[in-house]
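Worksheet: the structure to be examined is printed underneath.
Here the structure is a predicted model, which means the values were calculated and not measured. Atoms considered below: every heavy atom in the structure, side chains included; atoms not considered: hydrogens, waters and symmetry mates.
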Amino acid sequence: MPEYTLFCPSLDTTPRVARDFVASVLRSQQLGDLVDDAALCTSELVTNACVHAKGVDAVLRLAVGEPLAAVRVTVYDGDVQPPVLREGRHGESGRGMWLVDALTEGRWGTEPDAAHCVGPPPGGKGVWFELGAPGPSGLGREGIEG
């Protein structure tokens, strides 16, 4: 199962770079039907990492399951606080995880992180989502661990 990693510095341009990275990988793996949702969800997770883990760089890991059309994206950052799922009708911000939840049909979560976070402070978390083949035959928690 191919896995790709992207270093994500805490910059304003990083969500766009991460979105383009995921889209390019999925297209190269003939998973074009997942590109739009995966790019949007990736942008939301990386934006959260840049905004909430202030000044701490993040790492994005993308795993592609074969032969199933399934992907898992995990973004590791130095903030130990989990993301908050809010309803999608509140102002200009705060709707990111609501979008991720809707697009992935609830297939997202968090995991503790120690090894993947770069820079101080140690620890933090990984926030992941999955798209494509659901359940045990896809890339469930048993299939890919951060």
Side-chain angles (χ1 to χ4, degrees), residues 1-29 31-65 68-134 138-146:
M1 149 180 12
E3 188 171 293
Y4 304 83
T5 303
L6 178 68
F7 176 72
C8 298
S10 186
L11 302 170
D12 292 342
T13 56
T14 299
R16 179 177 40 88
V17 171
R19 186 173 54 240
D20 292 347
F21 171 77
V22 167
S24 294
V25 169
L26 294 183
R27 285 187 186 106
S28 75
Q29 297 291 318
L31 295 172
D33 57 327
L34 299 177
V35 167
D36 291 340
D37 290 348
L40 179 56
C41 291
T42 296
S43 184
E44 293 299 337
L45 296 191
V46 173
T47 297
N48 282 350
C50 289
V51 170
H52 298 294
K54 297 175 174 62
V56 178
D57 298 330
V59 174
L60 180 150
R61 292 180 66 192
L62 166 63
V64 181
L68 302 170
V71 300
R72 179 172 173 148
V73 173
T74 307
V75 175
Y76 297 95
D77 65 41
D79 183 13
V80 296
Q81 296 300 316
V84 176
L85 178 61
R86 297 183 182 131
E87 284 298 318
R89 298 184 188 106
H90 297 293
E92 289 296 315
S93 65
R95 296 181 295 201
M97 293 312 298
W98 180 80
L99 288 170
V100 171
D101 187 64
L103 292 172
T104 65
E105 298 176 336
R107 293 171 53 204
W108 68 275
T110 61
E111 57 190 52
D113 172 55
H116 301 310
C117 187
V118 294
K125 68 177 173 314
V127 181
W128 57 267
F129 70 83
E130 295 175 349
L131 290 168
L139 297 176
R141 288 184 181 219
E142 316 78 43
I144 297 176
E145 288 300 321

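Shown here for R107 and G132, the closest heavy-atom pair between the two residues is NH1-O, 2.9 Å. Of all the heavy atoms in P83 and W108, the pair that sits closest is CG-CZ3, 3.9 Å. Closest of all the heavy-atom pairs between L26 and V64 is CD2-CG2, 4.4 Å.
Side-chain contact between L6 and V59 is absent, with no heavy-atom pair separated by less than 4.5 Å. Proximity of V71 to Q29: side-chain heavy atoms (C-beta onward) are nowhere separated by under 4.5 Å. When side chains are defined from C-beta on, V22 counts as touching L60, because their heavy atoms get closer than 4.5 Å. Between L45 and F129 there is a side-chain heavy-atom pair separated by less than 4.5 Å. Taking 4.5 Å as the limit, some side-chain heavy atom of V127 sits within range of a side-chain heavy atom of M97.
With sequence neighbours left out, L99 forms a side chain to side chain contact (heavy atoms under 4.5 Å, CB included) with E44. By the side chain to side chain contact (heavy atoms under 4.5 Å, CB included) test, S10 is found to be paired with C50, D57, residues two or more places apart in sequence or in another chain being considered.
Taking NE2 of H52 as the reference point, atom OG1 of T47 lies at 9.5 Å (rounded to 0.5 Å). The structure places OH of Y4 at 5.0 Å from OG of S28, a figure rounded to the nearest 0.5 Å. Note that CG of D37 and CG of L103 are 4.5 Å apart. Values are rounded to the nearest 0.5 Å. R19 CZ to T42 OG1: the interatomic distance, rounded to the nearest 0.5 Å, is 9.5 Å. With values rounded to the nearest 0.5 angstrom, F21 atom CZ is found 7.0 Å from T5 atom OG1. Distance check: Y76 OH to C8 SG gives 12.5 Å after rounding to the nearest 0.5 Å.
Ion pairing between a basic and an acidic side chain is recognised when a charged N comes within 4.0 Å of a carboxylate O; R72 and E111 show such pairing.
Of the candidates D77, T74, T110, K125 forms a side chain to side chain donor-acceptor pair (under 3.5 Å) with just one, namely D77.
Listed for the T104 side chain is a donor-acceptor partner under 3.5 Å among the backbone atoms of V100.
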